[in-house]
Amino acid sequence: MSQVRVRFAPSPTGPLHIGGVRTALYNYLFAKKTGGTFILRIEDTDQARFVEGAEEYIMEALKWCGIKVEEGIEEGGSCGPYRQSDRKEIYRQYADLLVEKGDAYYAFDTTEELDYLRSESEKAGNTFIYNAGTRDKLNNSLSLDSAVWNKKLSDHEACVIRYKMPLSEDIHFNDIIRGNIVVNTGTLDDKVLFKSDGMPTYHLANIVDDHLMLISHVIRGEEWLPSLPLHIMLYRSFGWDAPLFAHLPLLLKPDGKGKLSKRDGDKMGFPVFPLFWPYGETAKGYREEGYYPEAFVNMLALLGWNPGTEQEIFTMEELAEAFSLDRVGKSGSRFDPEKAKWFNHQYLIKKPVEELAMEFREFLRSHGYHIDIIRLDILINLVKERVSFVKDIWDQTDFFFKAPDNYDQEVIKKRWKEETPATLLELRSLLSSTDDFTPAGTEAAVKAWIEEKGYNMGAVMNAFRLVIVGASRGPHMFDIISWIGKTETLSRIDKGLSAIGR
RNA sequence: GGUCCAUUCGUCUAGUGGUUAGGACGUCAGGUUUUCAUCCUGUUAACAGGGGUUCGAUUCCCCUAUGGACUACCA
């Protein structure tokens, strides 16, 4: 098998969508699996859609994901440049080559003329196609007198180069994921290969670059499938061996139909982009939402591909080892934000406590709390199983840092009895005289007292929790009071008694 | 409209010409717990429809339906 070389070829028109990230990931995994090379090529042949910052965003997003580019703008490589606008001079000669061969021709029709033809056709219920059936009636080097079009050329009249699609010919081609496909050229149109602005279109640039960059496998989104026949024809016209193709299924909206878009994320509160997009209409990112890149990548990898085993948690290395194109599904995958959270939870609970503590310390700082890292370790161990994100730890631990401002009415109704204040007073004095304020120490003392007095464990502990936490939630009481300390514990009992009273 | 692609629990999916159609997320229930959560156990629920082929089709073929992509001098 010849050397595997794959490329991820986004166009820098905005933030990279997670569908794009998945395409990059599958390319990367395939390269790693086969010992091949992963290349990043920027397809910026559309000057009108250029977006400032998009290229940097793409590179940063891949880095965050742990997808390492081997050849690209920053990395260099023997097949550069890797930005199509920097390869501008390359394309024209190939377009000309096709014209010389008779597989392409010059066309002088203006956008307005073509738009008019299209709308007229539509009114008549037909579809306008620029192809063998219509090209003779249009303005091009096939229909016009050679003197006429040569003059247009020498006058530098606006002109594009179109591919001359055969009248009717079945094109057979193979897709690694979808198998054999047949399309008749009669349904295809004479696509523009070279624009009047001096830039190639995607179709030409793509074929030329993939050939020049020795790409062995083209792994891209399903939206490219309809243009594959054209690409196959192009390879044929150039006399080049075509790479192998794999068209990945789309990522769909979580609800309803259609492909995943930014709006879905906004509507349902989950990110559609890996990183925060800071320009123009901003968009939130997985990174900023608190997702770990490993979890994000793991989740994405399993959306459309499966290992054929029941393993769900994979490191990047394991993914690369297990990956294969023939285990990629054919149908679109609906994205499930809930499962994305679950993946993050899996990674979070496996993180070393010290790391989580460091992360949470930053969070606390921004909320005005400065807590010793050792104490945070203890805290994290108490609650990490309960959260999916570090930022969620706060919701589970706020009462560790401040006494309750109010007390859950439902719990008061259920747990606050006639004798409760007296019992809590007893408990207060017991704790006050307990020197060993470790969880084990207070637990032993309190349980012995409850037993001795014949109290009901649930009644006492729930009332106790109410004055300490303010609600019916949180880790074990003795862990809580040990962490907040004796002074705070006693003060919260006092505060609770006077607030709830009776 | 035309071309192409797709269709297994709500979701991601496994799977085979003969299976109790398996797993995960979610849901629900029970258990554990001083509470909530976790956790454990269990439950739930699927082969789009119709024709073939076949002794037998979820699996192979055809049609229909539904969904999707594409249909630009955008990628």
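All values derive from a computational prediction rather than experimental measurement. Below, read A as the first sequence line, B as the second, and so on, with proteins coming before strands; counting in each chain starts at 1.
- Here, B:A24 and B:G18 have their P atoms 24 Å apart, quoted to the whole Å.
- Cation-pi geometry between A:Lys351 and A:Tyr292 is met: under 6.0 angstrom from the ring centre, within 45 degrees of the axis.
- Distance from the side chain of A:Lys259 is smallest to B:A69 among B:A69, B:A75, B:A6.
- Distances from the side chain of A:Val183 to the nucleotides B:A6, B:C25, B:C4 place B:C4 closest.
- The residue A:Ile181 sits close only to the backbone: its heavy atoms come under 4.0 Å of sugar-phosphate atoms, none of a base.
- Side-chain N/O atoms of A:Thr187 and base N/O atoms of B:G2 include no donor-acceptor pair closer than 3.5 Å.
- Each of B:C73, B:U7, B:G22 was ranked by its minimum atom distance to the side chain of A:Arg118; first place goes to B:C73.
- At the heavy-atom level, A:Thr309 lies nowhere under 4.0 Å from the strands shown.
- Of the candidate nucleotides B:U34, B:C73, B:C39, B:C39 has the atom lying nearest to any side-chain atom of A:His345.
- In this structure, A:Lys341 reaches neither bases nor backbone, as no heavy-atom distance under 4.0 Å exists between it and the strands shown.
- Within the shown strands, B:A65 is the pairing partner of B:U7 under the Watson-Crick or G-U definition, both distances less than 3.5 Å.
- One cannot find a donor-acceptor pair under 3.5 Å joining the base of B:C12 and the side-chain atoms of A:Arg334.
- As a whole-Å value, the separation of A:Tyr163 OH from B:C73 C1' is 19 Å.
- Of the candidates B:A75, B:U38, B:C5, the closest approach to any side-chain atom of A:Ser11 belongs to B:A75.
- Contact annotation: A:Lys195 reaches the phosphate of B:A75 (side-chain N/O to OP1 or OP2, under 4.0 Å).
- Place A:Lys447 and A:Gly308 on RNA chain B by their nearest nucleotides, and A:Gly308 ends up nearer the 5' end.
- Within the 4.0 angstrom heavy-atom criterion, no nucleotide atom of any strand lies near A:Asn456.
- Using a 4.0 Å heavy-atom criterion, one finds that A:Ser196 contacts the bases of the nucleic acid, with or without backbone contacts as well.
- Panel note: side chain A:Tyr26, backbone A:Ala301; a donor-acceptor pair is recorded below 3.5 Å.
- In this structure, of B:A6, B:C70, B:C73, it is B:C70 that holds the atom nearest to the side chain of A:Pro226.
- Proximity note for A:His476 (side chain, C-beta onward) versus B:U33, B:C4, B:C25: the nearest is B:U33.
- Looking at which nucleotide of RNA chain B each of A:Leu114 and A:Glu443 is closest to, the 5′-most match is held by A:Glu443.
- Using a 4.0 Å heavy-atom criterion, one finds that A:Arg178 contacts the sugar-phosphate atoms exclusively.
- The shortest distance between the side-chain N/O atoms of A:Ser331 and the OP1/OP2 oxygens of B:G67 is not below 4.0 Å.
- Taking only side-chain nitrogens and oxygens, A:Arg327 comes nearer than 4.0 Å to OP1 or OP2 of B:G15.
- Nucleic acid contact class of A:Gly304 (heavy atoms, under 4.0 Å, all strands): sugar-phosphate only.
- By the 4.0 Å N-to-carboxylate-O rule, A:Asp103 lies too far from A:Arg236 to be salt-bridged with it.
- With salt bridges taken as basic N to acidic carboxylate O contacts below 4.0 Å, none links A:Glu419 and A:Lys453.
- Between A:Ser333 and B:U13, a side-chain N or O to OP1/OP2 separation shorter than 4.0 Å is present.
- B:U8 and B:U27 have their P atoms separated by 23 Å, given to the nearest Å.
- For the side-chain hydrogen bond (donor to acceptor under 3.5 Å, both in side chains) test with A:His247, the passing option among A:Glu223, A:Arg220, A:Glu222, A:Lys330 is A:Arg220; the others fail.
- Between A:Asn381 atom CG and B:U38 atom P there is a gap of 18 Å when expressed in whole angstrom units.
- Contacts of A:Val160 with the nucleic acid, taken as non-hydrogen atoms under 4.0 Å apart, include base atoms.
- With A:Tyr106 as reference, A:Trp149 is the one residue of A:Phe194, A:Trp149, A:Tyr163 to meet the ring pair (Phe, Tyr, Trp, His ring centres under 6.0 Å) rule.
- Here B:C73 is the nucleotide among B:C39, B:C73, B:U8 with the atom lying nearest to any side-chain atom of A:Arg162.
- In this structure, A:Asp190 places its CG atom 11 Å from P of B:C73, rounding to the nearest Å.
- Nucleic acid contact for A:Pro475: base, since at least one base atom lies under 4.0 Å from a heavy atom of the residue.
- Contact annotation: A:Asn306 reaches the phosphate of B:A14 (side-chain N/O to OP1 or OP2, under 4.0 Å).
- Here B:G22 is the nucleotide among B:G22, B:C5, B:G68 with the atom lying nearest to any side-chain atom of A:Glu310.
- No N or O donor and acceptor, one from the side chain of A:Lys191 and one from the base of B:A72, sit under 3.5 Å apart.
- Looking at A:Arg334 and A:Asp264, no side-chain N of the basic residue comes within less than 4.0 Å of a carboxylate O on the acidic one, giving no salt bridge.
- With respect to the salt-bridge test (charged N to carboxylate O, under 4.0 angstrom), the residues A:Asp155 and A:Lys152 do not qualify.
- Rounded to an integer number of Å, the gap from A:Arg41 CZ to B:A75 P is 13 Å.
- At whole-Å resolution of the value, CG in A:Leu251 and P in B:A6 are 18 Å apart.
- Here the side chain of A:Trp342 is nearest to one of B:U7, B:A24, B:U34, namely B:A24.
- Within the nucleic acid shown, A:Thr111 comes within 4.0 Å of at least one base atom, counting heavy atoms only.
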